[in-house]
Amino acid sequence: MNDVTSTSIADARPERPQRVGRAELARLFATCAWFRALAAEHQALVLATAHAQHLEGGAWIARRKETSDYWIGVHAGLIKLAIYNASGRSCTLSGVPPGGWFGEGSVIKRELRKYDVAAIQPSLVLFVPSSTFHALLESSLPFTGFVIRQLNNRMGEFIASIQNSRLLDVDARVAQSLAQLFNPDLCPDTGRTLAISQEEVGLLAGVSRQRINQALQNLERLEILRLSYNQIEVLDLERLGAFGREQI
């Protein structure tokens, strides 16, 4: 994955979390397929210990080298996983749209987080404590199955990301970066339309805003997607996922 110049850490907006109430929290978790598969007592454990926050665009959600205290999910908005160096340059590892959950690897190993997590857009984020995650992993077969599938899909995603960054041209890299956001296994709630700006796509693909515009217009010309203001609609997800793969 290519390094791209981004907002420096010092310039990032401060986090201003606004927690949701318990009734709203129950409604949010009810939209998660893994939660609905849990036994009643396990659902009660999650609701008693988890919380959700509204976060502004630019807010930090978790920091690199801090303890992995939470397994994190996105109900609304868009967040990114990235690594920053001291000068403020960043390497974006992945984007997480609505329905996506991440961080299970670090939570399982009880290790320090290996990347920064920031909201690209105003987002509603869910937090399941590490202790609750481990309790579910040890006592809930449906949850264990979900985590295994999640880890398997995540491994495939990151292998593909490394491969794409080294072997594909810019248009194909942009297509593959978008396809990851529409992955039905890791991001089941994305649907076919995502609220995202061209600049935000550039952050995820590691491509300049000018070049992103050209790549997206090429994909629109091929009727793979449709562009509108700060929104992308995928017309053919199969072609989007296959775009540029002949280069490999």
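The first residue in the sequence is number 1, and the count goes up from there.
- E138 places none of its side-chain heavy atoms less than 4.5 Å from the side chain of F133.
- Remark: side-chain polar atoms of S68 are paired, donor with acceptor, to backbone N or O of E111 under 3.5 angstrom.
- Among all heavy-atom pairs drawn from E56 and A119, the shortest one is O-CB, 3.5 Å.
- Two residues are said to be in side-chain contact when any heavy atoms from C-beta on lie closer than 4.5 Å; T193 and V234 fail this criterion.
- Closest approach of V74 and G77 over heavy atoms only: CG1-O, 4.2 Å.
- Relative to the six-membered ring of W34, R36 misses at least one condition, a distance below 6.0 Å or an angle of at most 45° to the axis.
- Ring geometry for F102 versus Y115: interplanar angle of 30 to 60°, hence tilted.
- In plain terms, the two heavy atoms of L181 and T190 that are nearest each other are O-OG1, 3.0 Å.
- The backbone N or O of S197 sits less than 3.5 Å from a side-chain atom of E200, completing a donor-acceptor pair.
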Practice task
Verify side chain to side chain donor-acceptor pair (under 3.5 Å) between N213 and Q217, making sure each step is shown before the conclusion.
Solution key: CA-CA 6 Å; N213 180 265; Q217 287 185 0; 3.1 Å; yes
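- Side-chain N or O atoms of Q43 include one that pairs as donor or acceptor with a backbone N or O of F35 at under 3.5 Å.
- Put simply, the side chain of W101 reaches to within 4.5 Å of the side chain of V128, judged on heavy atoms.
- In terms of heavy-atom proximity, P98 sits nearest to A76 at CG-CA, 4.1 Å.
- Classification of R211 and D171 as a salt-bridged pair holds, one side-chain N sitting under 4.0 Å from a carboxylate O.
- Scanning all heavy atoms of the two residues, the minimum distance from V207 to R173 falls at CG2-NH2, 3.5 Å.
- Side chain of N230 to backbone of I196: no donor-acceptor contact under 3.5 angstrom is found.
- Formation of a donor-acceptor pair under 3.5 Å by the T144 side chain with backbone atoms of L137 is found in this model.
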Practice task
Check step by step if side chain to side chain contact (heavy atoms under 4.5 Å, CB included) holds for L78 and V96.
Solution key: CA-CA 6 Å; L78 181 66; V96 186; 5.9 Å; no
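- Contact check for L222 versus R239: side-chain heavy atoms found under the 4.5 Å cut-off.
- Looking at S130, its side chain never comes within 3.5 Å of a backbone N or O of Y70 through a donor-acceptor pair.
- Side-chain contact between I83 and T92 is absent, with no heavy-atom pair separated by less than 4.5 Å.
- Between the side chain of Q176 and the main chain of G241, a donor-acceptor pair closer than 3.5 Å is present.
- At least one donor-acceptor pair closer than 3.5 Å links the side chain of N153 to the backbone N or O of R149.
- When all heavy atoms of H134 and I108 are compared, the closest pair comes out as CE1-O, 3.5 Å.
- Looking only at atom types and distance, the side chain of N218 has a donor-acceptor partner in the side chain of R221 under 3.5 Å away.
- Contact of the L126 side chain with the L28 side chain is registered, since non-hydrogen atoms from C-beta on lie closer than 4.5 Å.
- Of the possible polar contacts, none joining the Q18 side chain to the L55 backbone as a donor-acceptor pair under 3.5 Å is found.
- Two residues are said to be in side-chain contact when any heavy atoms from C-beta on lie closer than 4.5 Å; R113 and R63 fail this criterion.
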